[in-house]
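Read through the structure below, which is laid out as C-alpha cells, and then see the notes.
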Amino acid sequence: SLRWLALFPLALTAQLLLGFSLWWLLRRRQRSMVQTEVLHSIVHEFQTPITAIQMAADILDSPIARNHPERTDKYVRIIREETERLQQQVETMLTLARADRNTLTLNLEPIQIHYLLHSVAERHGDYLNLNLQGKDTYVLADRLHLTNVLYNLIDNAVKYSADKPEITLVTKANADGMTISVRDRGVGISPKQVSHIFQPFFRVDDCNQTSVKGFGLGLSYVQRIVQAHNWTIWVKSELGQGSEFSIQIPTSSLLPVLPNSIRVKE
Ligand code: ADP
C-alpha cells in the first residue's frame, strides 16, 4: 500500500501541471481577444473620419464642385472637422501611452483645489455647478494630469446625459482626507457593466450610446492617474438616474498649511 502512496505526489504534480497549462492557455486566449478588440476599435474610430475626408476630397475634385463652386465650402469644412477629430483621437492615444505605468512620472506640486475647480467650472456652461464643502486645501498633485482627469470625468458626464446635462462638482472633507466627485443626472450605468468601465477600450454596448463618440480610453487613463497618486476612485451609478465618480484624496496628499518655501503660482 506504501507503493500507492508514492504515486500521490506524482498525481498532484500532474494535476498542477495540467492546471497551470490550462490557465496559461486561457490567459493567452484572453490577451489575444483583448488585442483583437483593441484593433477593431482603432480601425473603426479611424475609418469613419478617413472615409469622410476621402469622399469630400473626391467631390472637390469632381465636376460637381467645379460647376457649383458655392458647394465647395461644405466639403472643405468636412475635411477640416474630420482632420481635427483624427488629431484629437491620436492625441488621446498618445496621452494614454504616455500615462503608461512604466513611463508615467508625476510632477507633484501643491494645488489649491477649490481654485482649480472654479477655473475648470469657468470653462463650462451653466450646466456645471460647484458644491465645495469645507475649507480650501492644497493638494499635492500633478496639475496637468489632475486637470485632464477632471475634464475626462466632466466630458463623460456631458456625453452620457441624454438631453440637458446637469453636472455638479462636489468636494467633501472626511476623516481620511477629502473627496472630489463629479455627479451627473445622465443615462447611468448598469451594475453588470459598471465593473468594466475602467478597462481600456471598454464601452457600454447600448443603442442609445452608439452615437456617442469615444475610444473607451478616458476612464482607464483617469484610473491610472488616480492610482499613480496613490488615491482611489469609485463610481456609484443607477440606470436612468445618473452617475457619481468620486476620488478619495488621503491626508498624505493634503497640505493644509502651505510651507513658506513653496511658492504657488495661481
Ligand atoms: P468613452 O467615453 O470614450 O467611451 P470612457 O473610458 O471614458 O470611454 O468610458 C467608458 C464607458 O463607460 C463609456 O463608453 C460609457 O459607456 C461609460 N461611462 C463613462 N462615464 C459615464 C457617465 N458619466 N455616465 C454613464 N456612462 C458612463
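One-based numbering, in listed order, for ligands and for the atoms of each. The residues of the chain are indexed from 1 along the displayed sequence.
Gln248 and Asn174 share a side-chain donor-acceptor pair at under 3.5 Å.
Contact atoms of ligand 1 toward Ile197: 10 (C), 12 (O) (distance under 4.0 Å to a heavy atom of the residue). Residue Lys159 has at least one heavy-atom neighbour below 4.0 Å for each of these atoms of ligand 1: 1 (P), 2 (O), 3 (O).
For the residues Val222, Val194, Asn156, the heavy atom positioned nearest atom 7 (O) of ligand 1 is part of Asn156. Considering Phe245, Tyr160, Tyr221 only, the shortest heavy-atom separation from atom 2 (O) of ligand 1 involves Tyr160.
Looking at Ser220 next to ligand 1, no N or O pair under 3.5 Å apart turns up. The N/O atoms of Gly216, backbone and side chain alike, include one that comes under 3.5 Å of an N/O atom in ligand 1. In terms of N/O distances under 3.5 Å, ligand 1 is not approached by Val187. Backbone and side-chain nitrogen or oxygen atoms of Phe202 are examined, and none is located within less than 3.5 angstrom of a nitrogen or oxygen of ligand 1. At least one N/O-N/O distance between Val204 and ligand 1 falls below 3.5 Å.
Considering only residues two or more places apart in sequence or on other chains, His196 meets the ring pair (Phe, Tyr, Trp, His ring centres under 6.0 Å) condition with Phe202.
Aromatic ring orientation, Trp23 versus Phe20: tilted (interplanar angle from 30° to 60°).
At distances below 3.5 Å, at least one donor-acceptor pair connects side-chain atoms of Asp136 with backbone N or O atoms of His114.
Contact analysis leaves Gly186 out of contact with ligand 1, as no non-hydrogen atom separation drops below 4.0 angstrom.
The part of Ile189 lying near ligand 1 is the side chain, judged by heavy-atom distances below 4.0 Å. In Leu217, the part holding a heavy atom less than 4.0 Å from any atom of ligand 1 is the backbone.
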**OP:** Go through the steps for Tyr151 and His124 under the test ring-ring contact (aromatic ring centres under 6.0 Å, His included), then give the verdict.
**Re:** CA-CA 10 Å; Tyr151 276 118; His124 291 85; 5.7 Å; yes
**OP:** Could you walk me through whether Thr171 and Met178 pass side-chain contact (heavy atoms from CB on, under 4.5 Å), step by step?
**Re:** CA-CA 7 Å; Thr171 60; Met178 68 173 295; 3.9 Å; yes
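Side-chain contact between Leu130 and Thr168 is absent, with no heavy atoms from C-beta onward closer than 4.5 Å.
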Table please: side-chain donor-acceptor pairs of residues 230-239 below 3.5 Å, with sequence neighbours left out.
unit_1, atom_1, unit_2, atom_2, d
Trp231, NE1, His229, O, 3.3
Trp231, NE1, Ser253, OG, 2.9
Ser237, OG, Ile189, N, 2.9
Ser237, OG, Gly242, O, 3.2
Ser237, OG, Ser243, OG, 2.9

